[in-house]
Amino acid sequence: MKKAVMPLIMVVLLAFVPYVAVQFAGLGFLFGVIIPYVAIVVFIGGFIYRVVDWARSPVPFRIPTTCGQEKSLDWIKPNRLESPSNFWEATGRVLSEVLFFRSLFRNTKAELHNGPKLAYGSSKWLWLAGLAFHWSMLVVVLRHYRFFIAKVPGFVQLLEDVDGFLDITLPALYVTDVILLAAVTFLVIRRFQDVKVRLISLPADYFPLFMILAIALVGVLMRYIVKVDVMSVKDLMVNLVHFNLALPEGIGALFYVHLFLVCVLAMYFPFSKLMHMGGIFMSPTRNLANNSREKRHVNPWNPDSKFRTYAEYEDEFREKMKKANLPVEKK
Amino acid sequence: MKIRERILVFGGLALFFFAVTYAFWQEGEAKKIPTPVAKGPGENCVESREYMRENHMLLLNKWRHSSVRDGERIHVTPDGREFEKSLNTCFECHGSRGFCINCHTYAGAKPNCYGCHHEM
């Protein structure tokens, strides 16, 4: 339980810091201008560092985890997606993983019944909630461009129209807001509810979940219940992206909570499990073609050793071998 | 790294960088909020400026419900002033639809009033 409580306390504390600092200490400039710049630099720099670090690590051998027939003889039908044999098929597998979480779709659950009997069953809820969460998150993030770009781009407007198509509540309820909150809640409950998952869950698993939940809750709160002045918020964000360091007056403290939590998450991102965003593309088990049978992959850091073949050995000792009645290949 | 891997990794990183900094490449300055200018009688609005800035849509929504569904067309403020519940009442001081559109376009929020109402 401590593993979940500590991250929760941290998120609550992190949420209180900007609230108190802006409301009572007047540190709006620090939380509205300086910290966001630091955050985006750390986020981009850290992200690139991690990916380049991965890309520099040698991957001498093919280590694809396959669950399909490898390409071999002409009359055996290969499974092109599950056991890709060239670049494009491997690309297909990476994309199916990135866009549809294909490997998570195979998730199973194990249950021990009386007997004792171990039973396995399909379990798609994690896949469904994960997919719902990630896609909603993408839409939510893209929608936020309307606060950063003075003339709202067409695709953002389109996303908003589609997202708010239910046209209930005022301002219009975004479907992704609901889906995101529901999915994250499920992902949190999933970690508590199953003993096996609870056992392997670490603070580093709970912290990002609580952070995202808190950010989304504060965002929803600002949109639907405790209003903040959208015009000055947009002024601030547009100023920031044009390196104009002016802080508009009169932005509600709740906004700073939202912004600060996002900044903390962005700075935490490159050093945490959230790097799976870049890592998914770098997974050797996903992006390597399974072509070990048709192509020899030589380990690039093999020492340059001199090998002696059997043919050379026999050439040297053929006469002696014949005398000793040992079989030779060349007469 | 092989050349192709290099192109893929750095191409991907460039794409990531562009996506994250997309807003930084866009034109356009922060617009100063056009301060509501009250033309006409010069009295105060239905509610305070701060309230109206953040909650005008809720008030208009309430007006729509009560006037269209319950036929209550007169709004009485806590300090006793009376207003007809109509967009025309707004326009008496605030001019026209242009008053709404400025901020709404800037914030990327579409008001759905003008789906039915004409600009007066």
Side-chain angles (χ1 to χ4, degrees), chain A residues 40 43-44 47-48 51-52 54-59 87 91 94 141-153 156-157 160-161 164 167 169-172 222 226-244 246 248 250 252 266 277-278 281-282 287 300, chain B residues 1-36 47-65 100-113 115:
Chain A
I40 195 163
F43 174 64
I44 294 176
F47 194 99
I48 290 176
V51 170
V52 170
W54 279 327
R56 284 160 58 92
S57 329
V59 185
F87 171 76
T91 305
V94 172
V141 169
L142 288 179
R143 273 204 280 99
H144 276 74
Y145 272 130
R146 86 179 165 108
F147 295 113
F148 292 86
I149 301 169
K151 191 179 175 306
V152 182
V156 176
Q157 196 66 60
E160 274 187 28
D161 291 346
D167 212 359
T169 78
L170 201 75
M222 274 193 297
V226 189
K227 303 278 197 301
V228 294
D229 185 4
V230 177
M231 305 308 288
S232 17
V233 168
K234 176 146 186 179
D235 280 346
L236 172 64
M237 297 334 272
V238 175
N239 278 342
L240 283 183
V241 299
H242 288 101
F243 300 105
N244 176 4
M277 178 182 170
F281 294 97
M282 311 294 286
N287 66 16
Chain B
M1 269 194 284
K2 286 187 216 135
I3 288 294
R4 186 162 74 182
E5 287 173 12
R6 216 170 269 228
I7 293 172
L8 281 173
V9 168
F10 287 103
L13 282 177
L15 206 67
F16 163 78
F17 182 76
F18 177 73
V20 174
T21 58
Y22 178 70
F24 286 83
W25 307 102
Q26 304 298 315
E27 297 290 318
E29 294 292 302
K31 230 198 274 182
K32 282 284 146 284
I33 309 159
T35 325
E47 293 274 351
S48 72
R49 176 185 287 180
E50 287 70 33
Y51 179 86
M52 289 307 280
R53 216 174 245 178
E54 289 162 5
N55 298 302
H56 60 277
M57 60 296 215
L58 297 179
L59 183 91
L60 290 174
N61 202 36
K62 227 183 274 170
W63 276 19
R64 182 182 69 181
H65 273 249
C100 319
I101 294 303
N102 260 347
C103 296
H104 271 274
T105 310
Y106 184 54
K110 269 191 197 163
N112 55 10
C113 311

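All chains are named by letter (A, B, ...) in the order of the sequence lines, taking the proteins before the strands, and each is independently numbered beginning at 1. Everything numeric in this text was worked out from a predicted model, so none of it was measured.
Of the atoms belonging to A:Ile40, it is side-chain heavy atoms, and not backbone ones, that fall under 4.5 Å from chain B. Looking at B:Phe24, both its backbone and its side chain come within 4.5 Å of chain A, counting heavy atoms on both sides. Neither the backbone nor the side chain of A:Val156 comes within less than 4.5 Å of any heavy atom in chain B. Neither the backbone nor the side chain of A:Met237 has a heavy atom closer than 4.5 Å to any heavy atom of chain B. In this structure, chain A has a heavy atom under 4.5 Å from the side chain of B:Phe16, while its backbone stays farther away. Interface residue B:Leu13: only side-chain heavy atoms are found under 4.5 Å from chain A. Residue contact with chain B, scored on non-hydrogen atoms closer than 4.5 Å, is absent for A:Phe147.
Considering only heavy atoms from C-beta on, B:Val9 comes within 4.5 Å of A:Met282 through its side chain.
Aromatic ring pairs are classed by plane angle as parallel below 30°, tilted from 30° to 60° and perpendicular above 60°; the pair B:Phe17 and B:Trp25 is perpendicular.
Put simply, of A:Tyr145, A:Phe281, A:Phe148, the one with the most heavy-atom pairs under 4.5 Å next to chain B is A:Tyr145. Most heavy-atom pairs under 4.5 Å with chain B: of the set A:Val152, A:Leu240, A:Ile149, A:Val233, this distinction falls to A:Ile149. Heavy-atom pairs under 4.5 Å with chain B peak, among A:Ile44, A:Val59, A:Ile48, at A:Ile44.
Contact record, A:Lys234 with A:Arg146: NZ-O, 2.8 Å, taken as the closest heavy-atom pair. Nearest approach of A:Asp229 to B:Glu54, heavy atoms of both residues: N-OE2, 3.8 Å.
With sequence neighbours left out, the side chain to side chain donor-acceptor pair (under 3.5 Å) criterion links A:Thr91 to no other residue.
Residue pairs meeting the salt bridge (charged side-chain N to carboxylate O under 4.0 Å, His left out) criterion with at least one member in residues 100-112 of chain B, sequence neighbours excluded: A:Asp161-B:Lys110.
At least one donor-acceptor pair under 3.5 Å links the side chain of A:His242 to the backbone N or O of A:Val238.
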